[in-house]
Amino acid sequence: MFGRLSSPAQLEEEVLAFWDTRRIFARVLEQGAGRPPFVFYEGPPTANGTPHNGHVLTRVMKDVFPRYKTMRGFHVDRKAGWDTHGLPVEVEVEKALDIHGREAIEAYGLEPFSRKCVDSVFVYVREWEELTRQIGFWVDLPKAYVTFHRSYVESVWWALSRLFEKGLLYQGHKVVWWWPQGGTTLSAGEVGMGYKEVDDPAITVRFIDAEDANTAFLAWTTTPWTLPSNVALAVGEDVDYALCDDPGREGGTLILAAARAESYGLVPRTTVKGASLVGRRYVPLYDFGPVTPTPQGSGAFIVVAGQHVTTDTGAGIVHTAPAFGEDDMDVARAQGLGILQWIDPAGKFSEGPWKGRFCKEADKDIITELKERGLLFKRDQVRHQYPFCWRADSDPLIQYARPAWFIRTTAFKDTALANNQAVEWHPEHIKEGRFGDFLRNNVDWALSRERFWGTPLNIWTCEACGKREAPASYAAMKAKPNARGFAEGVDEHLAVHKPWIDTVAWDCTCGAPMKRVSEVIDCWFDSGCMPFAQWGWPHQGDAEFKASYPADFISEAVDQTRGWFYSLLMIATMLFDDDTCKEYGVAPVGLPRPYKHCIVLGHVCDMEGKKESKSKGNYTSPNLVLRGKTRLDAFPDANLARGTVGLKAAQLPSLDVGDEPVTLSFTEDGVSLKTKVVVADVKPKDAVHLHPDDLEAIGAPRDGGKIWFRTPGEPPGADAFRWLFCASNAPWSNTRLSIRAIREGQREFLIRLRNVYQFFAIYADIAKGKGHFDPSGKAPRPASQRHLLDRWIASRLNQVVANATTSMDAYDLFGATKELSGFVDDLSNWYVRRSRERFWGEGTDLEDALWTLHEVLSTFARLIAPFVPFTAEALWRELRTEAQPESVHLVAWPDADLSQVDATLVRDMALIRDLASLGLAARATAKLKVRQPLHEATLVLADPSLQSAVEGLSSLLLDELNVHRIDFAADAAKYVQFAVKPDFKKLGKRLGKDMKAVATAIGAMDPLAVKRALDAGGVDVDYAGGTARLAPDEVVVAITPIGEWQAQASTAGVLVISTVLDDALRAEGLVRELVNRVQGLRKDLDLGYSQRIALSVNGPAVVLDAVRAHQALVASETLTTELVLGANIGEAKMVDVDGNEVFLGIELR
RNA sequence: GGGCCUGUAGCUCAGGUGGUUAGAGCGCGUGCCUGAUAAGCACGAGGUCGGCAGUUCAAGUCUGCCCAGGCCCA
């Protein structure tokens, strides 16, 4: 028996259970041992948040290609990984502990804090593992690498140690968003949470020219407290600057951007280019102390050129205080300006008259003081968005330069660019666009972070002589002279973290103690070390590393361009040059490294095209797609009506349930309640509102709790989800996700395919029961001897195999899936549709049909396995023979057998399908339903040479159109008129400018005459520029129907149906109607597909006569062994047959 | 403000190297078929291919500028 396929969600659970009990994934890996490797790197996700739809996309992509390559004969190791370090982790822990800032964390204790971080990174690991399983992502979770594990940290240390030894690590300043009251850096995400609209002073200040006390530069700022730390003024080199009379100073001159003069009420006297101002010196506003020089020098108090200068606001001359702005710092670094930082980390002035005052609070006094000195030109106020601490919202954040460690990546810019050249990016534009651009503008990597939970920077400094060392491992530290302070009795992974690592010390050669710097590192550096750190290399895992470097394939979303794609490439560029490879016994990898192909994924968006985001709530939980249920926080809301559930407005379109109710319950199998979805002011993420009485009704506490939320109908399941991401558009364009879109793709592909299988299963079982079909036996006939339809579908299948293979080898997923959907359409809407009667028959043709469909389906199961692994597995399980592997994922991807491809047949069949369309359209216009047989259809082909092709396949056309005969019109002119036009593509190249004139000329000629001339070998066209002789293949002859014929036309030709009905045809039509009614009754009675019956037909003579004339047909179509006419048997039912009252009786036989 | 991407039917998307009836699915309307039924088929309505210039015999396709949206940076 061929089993029927379960509903998607159930089918998927069954397949998952099968994979588990039969260890299929493990066996796939075992089977791959010894095969050539295809290397895949998992970009580690972080498990301290729930997985969302974007992660589903990534995981699908990371699954499809390894599955494909496995089936193509490669060994694909798939080591999972978890990203566990970094600021987001700390933030989550701070939230959980309700503390914030350096002091609060230190007060809480660094040891328990780090332990909390470890717990936090795996809070949602079960959700991740469950999603990974349900979506069918095969990845080796038990062997996952974890970035905080000691072996991983020590690999990162090795990398840093190498960079240190090469002199590529240096100390400098990095401008960060700083929370002075908390003494902490905030992440970009945290800064984004704290923007408020505030009023700030906006002042324009005179900077007096050092050479000419009458001239002043005007600069504008909203942070007066940064003025004492000014070191330069920046101008745009191409910007026009105006010299104006200073209304506040007799004989004075002001310089500002010409475009801004009017807004200050100033009239330009002359203008000069910014470039001519560069190098002018000015008098510092204050003198609190010397400038701290940068490595390049300290040429402060000078006019410099800056690319960031705009003339949108202010004076078009930018006050530059590198300690308090990133652009300013960049300029300072580039120009060797030096730094002034008269604000301490607590945000207070460290020198001068305002010493001890909080920076922002000193603004007023600074302005007053400048006014007294005559330096204030104008005072305004601006209302703008300014960030505050998201936890303490009265504390403003400031941009603040902190000492930081850098990697001199700029020294590798050229190599990195060359490396990038060798990477195959999908889509291609990333190479020169987003990524190439980023590399060309490379700045040194700011490596260190003044935080707690991260890989500790492994640099130790001697307190006395300043000597520095960067040991590459824990063991190397222990081997140092008088090494001490190693954590005892602490988890080995924690021991390599703060604070335990901070006590490790040893003696310098000078005898003084060496202690570690306090910083941890950017967690992007962690992830970029993943190719070797996942194996703990070079301290361990030598064979594993060497076998898996570099990667053939990685894939992540586009936001990783500056993240993982960069860290991987830059670290590999710096560390794995040929010399290093030789030193470590790694075969030189050359370029690219460490990845060859990268698919850059677009974002998953809502139906408005907005990126799905947690805070907006404009997304659907993947669980609803996969299993139709998810857990949400329910909050009581007495404003809601009973029986309604409140969601965020943004969630409604994504949920896409329309007016249908959703079902809520407290426990998974508990009391359930159907509720209508309404909009409510829901604040938290993943939450709903519910009336307290409703909460109580389902057994939940009245003040809320976690509940189960179920959507109506069958959930689409993992394969439908995967198929959407594979087949709806190219992976790099954004996907607008909705349940509706998932279901649409599901219907078009999965359900259609499933229907074909169910059809096969029904008839294969019947035939098997009669001993007519045995898939484990030998096929009765080779494919070449079978029916045209069989040969056609085999041709199509092998074409699809060839094309899909080519596409997948080129990483063109979308192209491959388009081939597959096209094939399911061919299979369902033509092969099965036109072959139905063959499956009802018997004998060799039945066996051929069953064999063909069986072969096609089992090959197709292999073809779809990488994309929809569940459906593929279920199909394979039903179709495979005992001798074949038990899982489709243990089988090879099919090879295209081009000897089976009959390209002419494929072309001819396309023509027939086109003609069938014409016929159906003609019938529709004539209002003749298909069940009514017609005498004939007359065909005029645009290309008469195709006549024999049509004749060969005409029986298909006869059946599809229900006509008795096809005529090829001898005199085409009787039915159609001709129109001729040039083949623009062919002629355009030859004629060039004359093209238009020739087209006009030929259009004016008698089409019939042109056609005859062409038939005779060519036509001469006279036009303004002379005479052109056109060959037959340079002119397109189009035909259109003439007169009132029941005709339809396409480029293939014209098809005319005869509309004349006689009594015999009517009788035939009646019989087909009657058969249809009997089949309906059989179905109502739920009769088996091969159940024989006795049938009585009683009614008007016209019906009885018709049936009498076609007794054999009626009997065979309805499996009637006894036909009674003009009397009733059993409980006869009245049916309508074309307006006739007919009684049908059925009894089993 | 900069970079990259996108803009084609009401919606979601296809449309190598420029070539003259711009396609599909969904939705809508009409009709049909069906012993595959959680289906299927056909027909119809629906398009100034974001806008404006330019190159060309010929532009959805190439170039420039603009507009709108998305993402990443500032």
Undergrad: Check the phosphate of B:rC57 against A:Lys993, side-chain N and O only, distance under 4.0 Å to OP1 or OP2. Yes or no?
TA: yes
Undergrad: Can A:Arg752 and A:Glu748 be counted as an ion pair, charged N to O under 4.0 angstrom?
TA: no
Undergrad: Could you tell me how far B:rU48 sits from B:rA59 if I compare only their C1' atoms? Round to whole Å.
TA: 14 Å
Undergrad: Is the distance from the ring center of A:Phe565 to that of A:Phe435 below 6.0 Å?
TA: no
Undergrad: So what does A:Arg434 touch, heavy atoms closer than 4.0 Å: a base, only the sugar-phosphate, or nothing?
TA: base
Undergrad: Which is true for A:Gly1088 with a 4.0 Å heavy-atom rule: it touches a base, it touches only sugar-phosphate, or it touches nothing?
TA: base
Undergrad: Students often get this wrong, so: under 4.0 angstrom with heavy atoms, is A:Lys1083 touching a base, only sugar-phosphate, or nothing?
TA: base
Undergrad: Does a side-chain N or O from A:Asn755 land closer than 4.0 Å to OP1 or OP2 of B:rA39, or not?
TA: no
Undergrad: Do the side-chain N or O atoms of A:Arg931 get closer than 4.0 angstrom to the phosphate oxygens (OP1, OP2) of B:rC33?
TA: yes
Undergrad: Select from A:Gly433 and A:Leu920 the residue whose nearest nucleotide in RNA chain B is closer to the 5' end of that strand.
TA: A:Gly433
Undergrad: Counting any heavy atom closer than 4.0 Å, what does A:Ile762 reach on the DNA or RNA strands: base, sugar-phosphate only, or nothing?
TA: sugar-phosphate
Undergrad: Checking the side chain of A:Thr1120 only, and the main-chain atoms of A:Ser1116 only, is there a donor and an acceptor separated by less than 3.5 Å?
TA: no
Undergrad: Mind checking the C1' distance from B:rU55 to B:rG18? Whole angstroms is fine.
TA: 12 Å
Undergrad: If I pick the C1' atom on B:rG31 and the same atom on B:rA45, what distance separates them, to the nearest angstrom?
TA: 15 Å
Undergrad: Measure CG/A:Asp1084 against P/B:rU34 and give the value in whole Å, please.
TA: 15 Å
Undergrad: Looking at every heavy atom in both A:Phe2 and A:Asp765, which two are closest together, and how far apart are they?
TA: N-OD1, 2.8 Å
Undergrad: Tell me whether the OP1 or OP2 atom of B:rA36 has a side-chain N or O from A:Tyr757 closer than 4.0 Å.
TA: no
Undergrad: A:Arg836 side chain N/O closer than 4.0 Å to the phosphate oxygens (OP1, OP2) of B:rU34?
TA: no
Undergrad: Flag the pair A:Asp327 and A:Arg333 as a salt bridge only when some basic side-chain nitrogen lies within less than 4.0 angstrom of an acidic carboxylate oxygen.
TA: no
Undergrad: Could you report the tightest heavy-atom contact between A:Ala1028 and A:Val998, atom names first, then the distance?
TA: CB-CG2, 4.5 Å
Undergrad: Is the distance between the ring centroids of A:Phe839 and A:Phe759 under 6.0 Å?
TA: yes
Undergrad: Are A:Trp732 and A:Phe814 close enough that their ring centers fall under 6.0 Å?
TA: no
Undergrad: Measure CH2/A:Trp830 against C1'/B:rA42 and give the value in whole Å, please.
TA: 12 Å
Undergrad: Touch check for A:Glu748, heavy atoms < 4.0 angstrom, all strands: base, sugar-phosphate only, or nothing?
TA: sugar-phosphate
Undergrad: Within the 4.0 Å heavy-atom criterion, would you say A:Val756 contacts the bases, only the backbone, or no part of the nucleic acid?
TA: base
Undergrad: What's A:Tyr763 touching, base or sugar-phosphate or nothing? Going by heavy atoms closer than 4.0 Å.
TA: sugar-phosphate
Undergrad: Less than 5.5 Å between centroids and less than 30° between ring planes, does A:Trp732 satisfy that with B:rC5?
TA: no
Undergrad: Could you report the tightest heavy-atom contact between A:Ala999 and A:Phe984, atom names first, then the distance?
TA: CB-CZ, 4.1 Å
Undergrad: Search all heavy atoms of A:Val625 against all heavy atoms of A:Pro715 and return the closest pair with its distance.
TA: O-CB, 3.7 Å
Undergrad: Would you state whether a donor and an acceptor, one from the side chain of A:Ser828 and one from the base of B:rA39, lie under 3.5 Å apart?
TA: no
Undergrad: For A:Val998, answer base if it contacts any base atom (sugar-phosphate contacts may also be present), sugar-phosphate if it contacts only those atoms, and nothing otherwise; contact means non-hydrogen atoms under 4.0 Å.
TA: nothing
Undergrad: In the 5'-to-3' direction, what one-character label does each nucleotide of nucleotides 13-18 of chain B receive under the scheme B = base within less than 4.0 Å of a protein heavy atom, S = sugar-phosphate only, - = no such atom?
TA: SS--B-
Undergrad: Can you give me the dot-bracket string for RNA chain B, 5' to 3', counting Watson-Crick and G-U wobble pairs with both distances under 3.5 Å, using [ ] for crossing pairs and | for partners on another strand?
TA: (((((((..((((.....[...)))).(((((.......))))).....(((((..]....)))))))))))).
Undergrad: Rounding to an integer number of Å, can you tell me how far A:Glu326 CD sits from B:rC73 C1'?
TA: 10 Å
